[in-house]
Amino acid sequence: MKFGTKIKTSLYTEWRPYYLDYTALKRMLKDRMLEGGWSEKDEGQFTTFLESELDKIHDFQKSKASELARRIKDAEKDVERFVASDHDQNHDSPRLETSGEVEAQHAEHYVHDGGSDDDLSDDEEESFDELEDHFHRLEEEVANLVADVHDLALYTKLNITGFMKILKKHDKQTGRSLKATFVQEYLEKRPFYKYNWDALIVKLSKLYDLVRTRGNPVRGDSSAGGNQSAFVRQTTKYWVHPDNLVPLKLAILRNLPVLVFNSEKEFEPRDSAITSIYFDNEDLELYLGRLEKTEGAEAIRLRWYGDVDNKTIYVERKTHREDWTGEKSVKARFPIKEHLVNAFLRGEYTVDEEFQQLVVKGKKTQVEVDSMIQLANEVQYAILTRKLKPVMRSFYNRTAFQLPGDARVRISLDTELSLLREDNWDGKTRAGDNWRRTDIGIDYPFDQVSPEDKELFKYGVLEVKLQTQYGQQPPKWVTDLVQSHLVEAVPKFSKFIHGCATLLPNRVDLVPFWLPQMDTDILKPDTGYLTVIERPGTSTATPSRTPTEHHSSPSTSTPDNASVTYVEPVSEGEDEDEMNMPAKDEDKRTGLSSDDVKEAVAFREKMLKERHEEDKRHGKTSVTDASVSDQSGHADSPGMKGLGTSSVKPLSINPLAPSSAFDETLRTRLYDERAAREQTGDRPLNNQDEEVNGLEDELPVTDDRILSRDWAAPAGKKIAIPVRIEPKVYFAAERTFLKWMNTSVFIGTIATTLLNFIPADDSRGLISAAFFTFAALLAIAYSVGIFVYRSYGLRERHAESLYYDKYGPTILCFVLFLALATNIGLRASEML
């Protein structure tokens, strides 16, 4: 869809006059160019037109945001007034506390005194009905507020996109450079696109919760659901595209309020800031342990909340536990004063005496203090003996959604994630002898830090933590949320791992599976699976609402739906951006020299071009999404078979294997390509003969890392997830095979006995022995075949292989029944 059409179809009708007049700007550009070129006068008029549009948009957004804040404040006052009136009339009504009681409250909005058998009078019923009408009107107002916030965020996105596209079109058609100047001199002075929606969302969440619960906010029950030991805890991480951040927050707050620790304090942006300093040594021992998921792997960090002037620092240790151990990964922490951190890290200070004071003051029990002291001693010992130093800093703003005191559903959304170097290993002083850098605070995007020292993560990170009883399903709204187009699942994503892999490329041999897929656009088309916003009293869908009748689960999508690909809207006359362009920092990500990377990119582009041509000949659509391959094969997934086939074997990498284990090295592939060109007489790609000829001298023998994007993700996903095979799965396959063999031996014993102990002239006995022999041989052949098939599927990491058996046992029973029936029938006929 072209952007001119998209902005017309996506805008909110009531705000139509206040959107960017993209069509008029485009027509002006086209008409002036056709009249005889672009003059200085045309340039001035075009710039003036742009500036007037910018003023219009900036002023409208500012006034609308102020109006929304005022409407939220007025609605809060109305709720407080109605609740006070309700309490005056129902001062004996019990207070609702748990979520189950809140559901009952929705069914019966008011609970009367359980000890009274008297019916309400007519006046009381009228007052209740009137109060309920007020709350219904407030619910409609809150729904409109939610929709307005969503549409205002969409308004901002559409307008800034329109500015960027029309400026790009201008520069391309006129040959003049206006984009950089306009952004710096105009847009930066009216930064409507940088508006922080968190303050509005926090206020809106509080209001939504008050209205929904009729002024009795839900207090979570941490013990709800029964015995705590019977809970299943599950944590999953997702990436969120910047365009989906506001819709996602609004979708969550409809079901779960924003967690605010101090509701009496006005929300400030720095309240959501979280900063952590991660420690490691020069061998990146902790990084490798966390990446390889080694049993007992640790991560040690220092964390504080808010601005850098916070005097309380938390020392945290995360310990990974493998599933086969039967234990759960744990995170433990203890507080320490900021001015004592350096002394603690040097071993000059211990926390024993200070923590013992907590027992004296009655703030902690002796058992709790002993546990904290043991943790502090273990962390201090690890830092000193393993020579751990500050390596990197992570900063982000977190919006948490949770019922206070209730851990059954916890959701957090981290935005503006920034990763910054803290080490001094390359000779550049950053943190120095201090435990953290002092030249940066929480001033995102940290313009004072050099680009090579920071990594600005382009997506939000959603973390969903569920705590349910065995056999109990998560809430439906959570399932709908994580299966919607708003999120992309990336299990085991780690800020620490990502920061080390991107900021320290020359020290890292192992990279996480998501790193080569960072250039994949995770923005997915709206499938209608989740209705985010609905305006009350309207029959037509607004830009912020998706029709609910088109619900369809990604897991049950049809092949036609699965083949639909999404592309960014393009203006008229504007070419599509190449989807397979190499990363700008590819040389840093692979650790190779720029010449080597150019050669690899040239080879990859030729390979993709050949694949595209072959797919055209076969009528196929090339697959550009990524899937993780490993050294024994590719992590295939449903919907992938038969796609993207090519006669040229692609450059492959197993991102979770050491560099020495790569089955295909860059040097071998490039040499093979060069030899093929020499045999056919073709010229090298991009005339890079010298780079290829000098590759042997320049490329180190032990560093053959490759970056490949020739992978495929399952239908409905953008990021490919590696399939992890536990050792117990192999053992289970072997046990099943041995059980089949054991059964086959028993059947074979029966057949052998019949053959050896019946007379040679007993034809009936020979027939029975033949049937049992056939059954034994069939069971042996079937068990061997299914075992080989399963072993191959495990080695190739095929998640959809036949790991269940619904036919084998039935067939075996049928053959045994036939053999026994034949034996009995033959002997019975002999006796008759």
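Keep in mind that the numbers below use all heavy atoms, side chains included, and drop hydrogens, waters and symmetry copies. Nothing fancy with the numbering, it's 1 onward along the sequence.
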Would you verify whether the NZ or CZ of K165 falls within 45 degrees of the ring axis of Y22 while also being under 6.0 Å from that six-membered ring's centre? no
Side chain to side chain, [X] and [Y], heavy atoms closer than 4.5 Å:
X: W15; Y: K64; value: yes
X: I160; Y: F192; value: yes
X: Y193; Y: L187; value: yes
X: S10; Y: L158; value: yes
X: F395; Y: I440; value: no
X: V490; Y: K237; value: no
X: K458; Y: M518; value: yes
X: L523; Y: N244; value: yes

Step-by-step side-chain contact (heavy atoms from CB on, under 4.5 Å) determination, L50 to L178: CA-CA 11 Å; L50 279 175; L178 177 61; 4.0 Å; yes
Exercise: identify the closest heavy-atom pair between [X] and [Y]:
X: G162; Y: L20; result: C-CD2, 3.5 Å
X: T312; Y: P335; result: CG2-CB, 4.1 Å
X: L481; Y: A251; result: CD1-CB, 4.2 Å
X: E53; Y: Y19; result: OE1-O, 3.7 Å
X: V258; Y: S205; result: N-OG, 2.7 Å
X: V487; Y: V482; result: CG2-O, 3.5 Å

side-chain contact (heavy atoms from CB on, under 4.5 Å), that's the test. Do D59 and Y18 meet it? Break it down for me. CA-CA 9 Å; D59 294 342; Y18 303 102; over 6 Å; no
Taking atom CD as the centre, does Q184 end up with more than 12 heavy-atom neighbours from other residues, nucleotides or ligands that are less than 6.0 angstrom away? no
Straight-line distance of [X] [atom1] to [Y] [atom2], nearest 0.5 Å:
X: K495; Y: L419; atom1: NZ; atom2: CG; result: 9.0 Å
X: Q402; Y: I411; atom1: CD; atom2: CD1; result: 10.0 Å
X: I442; Y: R270; atom1: CD1; atom2: CZ; result: 7.0 Å
X: D148; Y: L68; atom1: CG; atom2: CG; result: 5.5 Å
X: I252; Y: T399; atom1: CD1; atom2: OG1; result: 9.0 Å
X: H498; Y: S394; atom1: NE2; atom2: OG; result: 11.5 Å

With a 3.5 Å distance limit and no angle check, can you tell me whether [X] reaches the backbone of [Y] through a side-chain donor-acceptor pair?
X: N196; Y: D198; result: yes
X: N397; Y: T415; result: no
X: K179; Y: F163; result: no
X: T48; Y: G44; result: yes
X: K26; Y: K169; result: no

For the residue pair Y444 and F446, does the interplanar ring angle fall in the parallel (under 30°), tilted (30 to 60°) or perpendicular (over 60°) class? perpendicular
Which of these, W239, Y238, Y459, sits in a ring pair (Phe, Tyr, Trp, His ring centres under 6.0 Å) with F493? W239
Please step through side chain to side chain donor-acceptor pair (under 3.5 Å) for the pair Q448 and D443, ending with a clear verdict. CA-CA 9 Å; Q448 71 273 31; D443 46 341; 2.9 Å; yes
Pair [X] + [Y]: basic N to acidic O under 4.0 Å:
X: E188; Y: K194; answer: yes
X: K189; Y: E51; answer: no
X: D21; Y: K56; answer: no

Evaluate the criterion side-chain contact (heavy atoms from CB on, under 4.5 Å) for residue pair L204 and L250; output intermediate values, then yes/no. CA-CA 9 Å; L204 196 56; L250 295 176; 4.0 Å; yes
Determine, stepwise, if the pair T47 / T181 fulfils side-chain contact (heavy atoms from CB on, under 4.5 Å). CA-CA 10 Å; T47 305; T181 304; over 6 Å; no
With a 6.0 Å cut-off on ring centres, are Y396 and F457 close enough? no
